[in-house]
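Here is the structure we will look at.
Here is the naming used below: chain letters follow the sequence lines, and residue numbers restart at 1 for every chain.
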Amino acid sequence: MSKFLIIDGNSLMYRAYFALPDLMNSEGLHTNAIYGFSMMLIKLLDEEKPDYIAVAFDKKAPTFRHKEYSAYKGTRQSMPEELIEQVDILKDVINAFNIKTIEIEGFEADDIIGTVSKIASENGLKVLIVTGDRDALQLVSDGVKVKICKKGITQMEEYDEKAVIERYEVTPRQFIDLKGLMGDKSDNIPGVPNIGEKTAIKLIKEFGSIENVLMNTDKLKGKIRENIENNTEMAVLSKKLATIERNVPIEIDLSEYQMKDYDREKLIDLFEKLEFTSLINDLKKDADDIREVKEWPVRDFKYVRELLKREDTVSFYPLILEGEVKAVSFATDDEIFFVEVDDYEEFKLLDNEKFALICHDIKDFFVNLSYHGIELKCKFYDTAIMTYLLNPSESNYDIGRVLKKYLKEDIPNIEDILGKGKSKKSYDDIDKKLLIDYLCATASKLSKLKDKLMSFIKEMEMEELLNNVELPLVEVLKSMEVYGFTLDKDVLKDLSKEIDEKTDKIIKDIYDAAGYEFNINSTKQLSEFLFDKLNLPAIKKTKTGYSTDMEVLVELMPYNEIVGEIIEYRQLMKLKSTYIDGFIPIMDKDDKVHSTFKQIVAATGRISSTEPNLQNIPARDEFGRRIRKAFISSFQGGYIVSADYSQIELRVLAHLSEDEKLIESFLNNEDIHLRTASEVFKIAPEKVTGEMRRRAKAVNFGIVYGISDYGLSRDLKISRKEAKEYIDNYFDRYKGVKNYIDSVVKFARENGYVTTILNRRRYIPEINSKNYNQRSFGERMAMNTPIQGSAADIIKMSMVKVYNELKARSLKSKLILQIHDELIVDTSPDEVEIVKDLLKTIMENVIKLRVPLVVDIGCGKNWYDAK
DNA sequence: GTTCTCACG
DNA sequence: ACGTACGTGAGAACA
């Protein structure tokens with residue numbers, strides 16, 4: 001017999017909300033109710049394997065019970081704010097499970113459940129009701145069971161008729177009579193005064209129903225009789241209120257509630273947004289379909305050579321493992337096959353300008369080949385980059401996800417084949433049949449994927465961005481990675497020694513001050529010292545305790561001398577662990593470090609740098625800056641040439657906003673922060689003080705970040721009111737900026753996305769959120785992304801041009817690093833002037849804006865001196 | 001694996 | 001009344 005599972009959505013949602021601690025995602029959205037509900041739902045689906053399913057919710061409008069009895073649920077607290085914001089998202093989650101929700105005006109979830117269970121029962125289905133509310137026990141009958149949450153979110157108790165009678169000594173139908181007599185505090189159902197569970201059970205067992213009790217009050221005695229006779233109306237009303245309506249006027253087409261597979265993509269997206277990592281992993285495991293392993297032909301490179309004579313475009317998917325390309329798959333319209341790699345020289349047959357590969361996230365392959373001395377001139381499409389352009393906010397662009405999303409196709413899960421973490425397999429241990437299946441299945445779909453993505457790219461007018469910037473950039477980044485940045489080990493060692501000596505002394509001082517030794521790196525132990533031992537005031541809290549960050553420590557400085565030493569210790573430790581100890585082991589035999597540049601990570605279009613991150617080498621603090629002395633040229637007697645865009649983001653803002661004053665400032669090559677100070681503080685430029693300029697600079701930053709008075713006041717440590725005045729003054733003086741910001745937010749609200757100068761796009765779903773925080777966040781993203789993203793567009797164009805120019809002129813000097821508004825070229829001593837000139841010319845003229853682009857060039861024996 | 005802190009533009 | 005400045009990555013501690 002088929003089973004219909006019907007869930008009381010409100011009840012379980014509340015249960016989850018109260019049972020779990022206050023969870024939050026990084027955007028500040030509370031998630032505990034959604035998380036708990038999802039856990040319960042997954043468990044139920046797994047255990048019950050229903051054939052039909054529905055979730056019922058209350059509807060806000062007053063129900064017939066309120067009309068009957070105005071005080072109904074009168075004592076009920078209104079839903080907490082933290083739960084309200086979860087309701088709609090929870091419904092989205094349920095929806096992503098492909099489960100229908102039912103809500104009906106004027107009825108509670110209970111009534112819907114009563115009605116649906118009745119209909120399902122009449123149609124010969126078994127029914128299981130899941131709720132946290134014992135009232136539902138009245139619905140139990142032959143074929144209808146009720147599951148009630150016991151405690152927490154995982155423990156439940158199942159009731160059939162027998163179980164109800166055992167537990168409550170009355171039948172399910174009599175459960176209503178029971179409640180009519182007892183009343184119900186939580187629903188504010190009055191019942192009969194002074195009759196509790198014990199008496200009620202006794203009466204109902206004896207008389208069978210409230211009506212029968214009322215007709216036979218003469219058989220009762222004393223207080224009980226008195227109470228009942230004086231409250232007959234109450235008893236009847238209470239029973240009515242407690243009775244679940246089983247004839248709600250709805251049409252139920254059972255077939256609509258048949259269990260379907262959940263919408264994997266949608267659910268994973270939602271869970272990612274909610275940051276339910278463990279649930280995502282469960283889903284992924286769960287989807288290890290009972291997929292048939294196909295057999296594919298295994299060929300060799302000789303065969304590939306023949307193939308390339310016939311085809312000018314071939315799909316291609318490599319497996320890189322243990323630092324080597326172990327195997328590859330090829331696919332055309334006509335054939336798909338696997339090739340094992342035993343000689344890198346074979347790849348040279350791909351070195352052909354006339355011929356194109358279709359691949360997914362191909363840079364690593366090119367990098368690997370380059371380390372083996374092989375450079376391929378072939379054209380290529382990269383479906384990962386294309387997918388990134390279509391939506392740069394995805395958390396990753398794994399081929400499996402992309403194929404699922406755009407082609408609704410499944411391929412095997414790579415982690416199952418290669419293993420992960422501790423159980424990661426070596427190439428020889430991999431099941432070849434599974435591997436071949438994976439590589440070939442993937443390659444076989446790339447062409448279709450590329451066509452589909454390309455049609456979207458064209459639709460969104462990002463073809464030029466793709467072809468002129470992002471795809472050519474792959475080779476540039478490859479070259480930067482492979483070439484690397486040379487470090488001077490001795491400089492690092494000397495600095496390390498200096499740091500050790502300083503920290504030794506500081507550690508002693510801190511231990512002396514404490515009177516005991518502890519781990520200063522531990523925020524927990526440090527806060528014990530600061531806030532318990534020294535009794536310093538705790539300034540702010542973190543999720544887990546008191547904060548000990550820089551801002552707090554600076555505030556604590558006046559209280560105790562040791563705080564200053566803690567700050568210094570922190571700075572020194574950071575320098576040592578991240579930039580010295582972190583770098584030495586990753587230097588190669590030539591004392592170079594090779595970062596990996598990520599092209600499909602940052603949602604604004606920037607590139608990022610990892611292992612090591614060369615984009616966050618200390619610069620602001622003088623001591624930390626000395627690390628840069630270790631970054632030197634690879635050339636004997638060579639130079640580091642640095643070229644950075646001056647105020648690129650504000651120039652982009654001037655261009656986008658067409659603000660007259662801002663444009664004028666840049667045309668006249670003014671000190672931009674000074675000018676802003678003069679405007680905001682409404683005084684002559686020569687009267688602007690250093691402090692005013694500093695504040696104006698913060699205002700300019702704020703404008704770029706998507707300003708708020710709160711953020712500015714925090715940064716400048718001024719009142720909200722004062723911050724607001726600055727902002728108002730700014731917008732009053734820079735009307736073009738104001739108009740631009742308003743219009744970009746409006747555009748985002750209406751279209752759901754914003755764009756950059758090169759038409760790069762970022763979606764901002766948060767902008768229409770009902771949650772204030774989320775919406776504000778969306779608005780700031782809408783303001784910031786066109787600015788940050790356009791700056792990224794510009795420097796990316798420059799990178800491609802600089803790289804190509806260095807190459808075209810056969811210069812030895814190499815572009816080795818980009819830091820968002822700055823390019824670094826490792827320069828041969830005989831090419832210094834050429835490189836400086838080339839950088840300045842290309843970068844300043846790479847695009848024509850309404851204001852000039854200005855590039856400052858620095859040059860030195862090391863990165864520190866290149867300023 | 002998550003949290004805190006801090007490095008950069 | 002609400003409560004965050006935008007975009008990244010990495011090391012250490014802790015659970």
key: Integer-rounded Å distance: C:dG11 P and A:L572 CG   = 18 Å
Counterpart residues, side-chain contact (heavy atoms from CB on, under 4.5 Å), relative to A:T486 (two or more places apart) = A:K592, A:I632, A:S634
inquiry  = If the condition is side-chain hydrogen bond (donor to acceptor under 3.5 Å, both in side chains), which residues does A:Y388 pass it with, not counting sequence neighbours?
reply    = none
inquiry  = Could you write out DNA chain C as dot-bracket? Rules: Watson-Crick or G-U wobble, both distances under 3.5 Å, brackets [ ] for crossings, | for pairs with another strand, dot for unpaired.
reply    = .....|||||||||.
message = Taking any heavy-atom pair under 4.0 Å as a contact, classify A:M781: base, sugar-phosphate, or nothing.
response = sugar-phosphate
request  = Pick the C1' atom in B:dC6 and in C:dG3, then give their distance to the nearest Å.
outcome  = 23 Å
message = Counting primed atoms plus P, OP1 and OP2 as sugar-phosphate and everything else as base, spell out the protein contacts along nucleotides 2-9 of chain B at 4.0 Å heavy-atom distance: B, S or - for each nucleotide, 5' to 3'.
response = SSSSBBBB
task = Output all residues satisfying side-chain hydrogen bond (donor to acceptor under 3.5 Å, both in side chains) with A:R625, sequence neighbours left out; order by chain, then residue number.
result = none
query = What about the rings of A:F529 and A:F518, do their centers lie closer together than 6.0 Å?
reply = yes
remark   = A:I600 CD1 to C:dT8 P, in whole Å, measures 13 Å
Nearest-angstrom distance from the residue atom CD of A:E779 to P of C:dT4 = 15 Å
message = So A:A791, base contact, sugar-phosphate only, or nothing? Heavy-atom distance under 4.0 Å.
response = nothing
ask   = Does the ring of A:Y864 carry A:K629 above it, NZ/CZ under 6.0 angstrom from centre and within 45° of its axis?
value = yes
Can I get a per-line list of side-chain donor-acceptor pairs under 3.5 Å for residues 816-824 of chain A, giving both atom names and the distance, sequence neighbours left out?
unit_1, atom_1, unit_2, atom_2, d
A:Q818, OE1, A:Q615, NE2, 3.1
A:Q818, OE1, A:H820, N, 2.9
A:E822, OE2, A:S642, OG, 3.0

query = Rounding to a whole Å, what distance do you find between A:F701:CZ and C:dG7:P?
reply = 15 Å
query = Angle class for the A:Y734/A:Y730 ring planes (parallel below 30°, perpendicular above 60°, tilted otherwise)?
reply = parallel
task = For the side chain of A:I707, starting at C-beta, report the closest nucleotide among C:dA5, C:dG9, C:dG7.
result = C:dA5
inquiry  = Does A:D715 reach a base, just sugar-phosphate, or nothing at all? Heavy atoms under 4.0 Å.
reply    = base
ask   = Base, sugar-phosphate, or nothing for A:K524, non-hydrogen atoms under 4.0 angstrom?
value = sugar-phosphate
task = Could you measure between the two P atoms, the one in B:dA7 and the one in C:dC2, and give it in whole Å?
result = 32 Å
request  = Ignoring backbone atoms, establish whether A:N519 has a side-chain N or O less than 4.0 Å from OP1 or OP2 of C:dA13.
outcome  = yes
query = Listed by chain and number, what are the side-chain contact (heavy atoms from CB on, under 4.5 Å) partners of A:D856, not counting sequence neighbours?
reply = A:D644, A:S646, A:V854
inquiry  = Less than 4.0 angstrom between a side-chain N/O of A:S608 and OP1 or OP2 of C:dG9, yes or no?
reply    = yes
key: Any A:R780 side-chain N or O less than 4.0 Å from OP1/OP2 of C:dC6   = yes
message = Test side-chain contact (heavy atoms from CB on, under 4.5 Å) on A:E779 and A:N784; report intermediate values, then the result.
response = CA-CA 9 Å; A:E779 287 166 1; A:N784 173 263; over 6 Å; no
inquiry  = Measure CZ/A:F583 against C1'/C:dG11 and give the value in whole Å, please.
reply    = 13 Å
request  = By nearest nucleotide on DNA chain C, pick out whichever of A:Y710 and A:T785 is the more 5' one.
outcome  = A:Y710
task = Compare the minimum distances between each of C:dC14, C:dG7, C:dG3 and the side chain of A:N784, then state the nucleotide with the smallest one.
result = C:dG7
key: hbond_proxy A:S708 side chain to C:dT4 base (donor-acceptor, 3.5 Å cutoff)   = yes
query = In whole angstroms, how far is the C1' atom of C:dC6 from the CE atom of A:M783?
reply = 11 Å
message = Taking any heavy-atom pair under 4.0 Å as a contact, classify A:R625: base, sugar-phosphate, or nothing.
response = nothing
ask   = Should A:S522 be listed as having a side-chain N or O under 4.0 Å from OP1 or OP2 of C:dA12?
value = no
query = Who are the side-chain contact (heavy atoms from CB on, under 4.5 Å) partners of A:A643, not counting sequence neighbours?
reply = A:L839, A:M843, A:V855, A:I857
ask   = Has the side chain of A:R714 got a donor or acceptor that lies under 3.5 Å from a partner of the other kind on the base of C:dG3?
value = no
inquiry  = Between C:dA5 and B:dT2, how far apart are the two C1' atoms, rounded to whole Å?
reply    = 24 Å
side-chain contact (heavy atoms from CB on, under 4.5 Å) partners of A:D88, counting only residues at least two apart = A:K770
Separation of C:dA12 P from A:Y569 OH (nearest whole Å) = 10 Å
query = NA contact type, A:A723, heavy-atom cut-off 4.0 Å: base, sugar-phosphate, or nothing?
reply = nothing
key: Interatomic distance where CG belongs to A:D581 and P belongs to C:dG11 [whole Å]   = 10 Å
